[in-house]
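Right, one structure below, let's go through it.
Labels below follow one simple rule: chain letters A, B, ... track the order of the sequence lines, proteins then strands, and each chain is numbered from 1.
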There are 2 protein chains.
Amino acid sequence: MNLQSWFDTLQANGYRLTEARRAVVKSIASAPAALNPLQVYDQTRPLCPGLGLVTVYRTLEKLEELSLIQRVHQPGGCNAYLPSPQGHQHLLLCRSCGKAEYFEGDNLEELVNTVAAQRGYSIQEHWLQLFGLCADCQRK
Amino acid sequence: MNLQSWFDTLQANGYRLTEARRAVVKSIASAPAALNPLQVYDQTRPLCPGLGLVTVYRTLEKLEELSLIQRVHQPGGCNAYLPSPQGHQHLLLCRSCGKAEYFEGDNLEELVNTVAAQRGYSIQEHWLQLFGLCADCQRK
DNA sequence: TTACTTGCAAACGTTTTGCACGATT
DNA sequence: AATCGTGCAAAACGTTTGCAAGTAA
């Protein structure tokens, strides 16, 4: 997903393309790991001096509303964001460096159906996340 | 898991058994849905008048440290707690009434191995949660 | 030109901390 | 008797809101 499509989506939904928004989008889209608001702020200020933390919050809010980014849930906190997955993908997170990747290959249908039948639930959604060490961090 | 075993675990770890702790444990252990600190406070005060919210926070901290309770991650927030699962179980959550249940029957090994091999990760843990409607809420 | 966006300061709700008193062991 | 636990008040923290000035369309 390239930057331009993020900008297009923002504009298509009536949001203006400002320097601050371009810069925040660049930071998030290029980050290998999920970033919380303060980290976005710190990473973006070099690209956009004078940027305020409030603007980061408001931009994150809009990006999330447009499903361009997604909140990531981790034991250490749930206020970090990542670009949304393309289609049906799940998260693979490195516990050492924080690197985040998406993967496909979701064969959960049988499991979900079994649980639904046993418990009488109708399942609408599932969350699956894998935690471990990436190749780089295993070497160290 | 009965109340007594919670009390035993607390004492075995050097924590004293006070009225406040007993009452908080009772509230959480008997709740059908995950409770946040304020909800624990409101549900527990009838059992223990004079209880302070601070004590709730401090008790939750200890119960989590002893793995008696666990934080639940949901789109609406991640500050609610549930008794920890017995062994390897995953969460099934009703989006209407909030009811929380654990289920077993986790056949994720193949999927996890495939992803690990493809991406070069060593996987240490996985999170799986199902969201839907429980039988009661489907009828409404 | 109009409406949206920004940064600042202040407000807000949640969580944590310091402390003297009280309770458990 | 010694230590741990409690509630209160205050502080700290992350996030949200009001507003006047600035900017994109």
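Ion pair B/Asp42/B/Arg45 not flagged as a salt bridge, since none of the NZ, NE, NH1 or NH2 atoms sits closer than 4.0 Å to an Asp/Glu carboxylate oxygen.
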Return a single string for nucleotides 20-25 of chain D, one symbol per nucleotide in 5' to 3' order, where B is base contact, S is sugar-phosphate-only contact and - is none, cutoff 4.0 angstrom on heavy atoms. ---BBS
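The distance between atom OH of B/Tyr81 and atom C1' of C/dT14, rounded to the nearest whole Å, is 12 Å. B/Tyr57 places its OH atom 16 Å from the P atom of D/dC8, with the value rounded to the nearest Å. Separating the CG atom of B/Asp8 from the P atom of C/dT25 is a distance of 12 Å, rounded to the nearest angstrom. The CG atom of B/Leu10 sits 14 Å away from the P atom of C/dT24 (whole-angstrom rounding). Per the geometry, CD belonging to A/Glu61 stands 19 Å off P belonging to D/dG14, to the nearest Å. If you measure from atom CZ of A/Phe7 to atom C1' of C/dT5, you get 16 Å, rounded to the nearest angstrom. Remark: C1' of C/dT15 and NZ of B/Lys62 are 14 Å apart, rounded to the nearest angstrom. With rounding to whole Å, A/Leu60 atom CG is found 15 Å from D/dG14 atom P.
Put simply, A/Asn79 has a side-chain N or O that comes within less than 4.0 Å of OP1 or OP2 on D/dT15.
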Is there any protein nitrogen or oxygen under 3.5 Å from a nitrogen or oxygen in nucleotides 18-20 of chain C, and what are the pairs?
none

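Closest approach of B/Gly98 to B/Ala33, counting heavy atoms only: O-CB, 3.2 Å. In terms of heavy-atom proximity, B/Leu47 sits nearest to B/Pro49 at C-CD, 3.9 Å.
At a cut-off of 3.5 Å, with distance as the only test, a side-chain donor of B/Ser27 or B/Thr44 sits close to an acceptor on the other residue. Inspection of the A/Tyr15 and A/Glu65 side chains reveals an N or O donor paired with an N or O acceptor under 3.5 Å. There is no side-chain donor-acceptor pair under 3.5 Å between A/Gln138 and B/Tyr121. Side-chain atoms of B/Glu109 and B/Asn113 form no donor-acceptor pair, as typed in the model, at a separation below 3.5 Å.
Between A/Trp127 and B/His73, the gap from one ring centroid to the other reaches at least 6.0 Å. With ring centers used as reference points, A/His126 lies under 6.0 Å from A/His88.
Of all nucleotides listed (D/dG14, D/dT6, C/dT5), C/dT5 comes nearest to the side chain of A/Arg21.
In this structure, A/Gln39 contributes its side chain and A/Asn36 its backbone to a donor-acceptor pair below 3.5 Å. Distance alone, capped at 3.5 Å, places no donor-acceptor pair between the B/Arg71 side chain and the B/Ala80 backbone.
For the contact set between residues 31-43 of chain A and DNA chain D, defined by any heavy atom under 4.0 Å, the members are A/Pro37.
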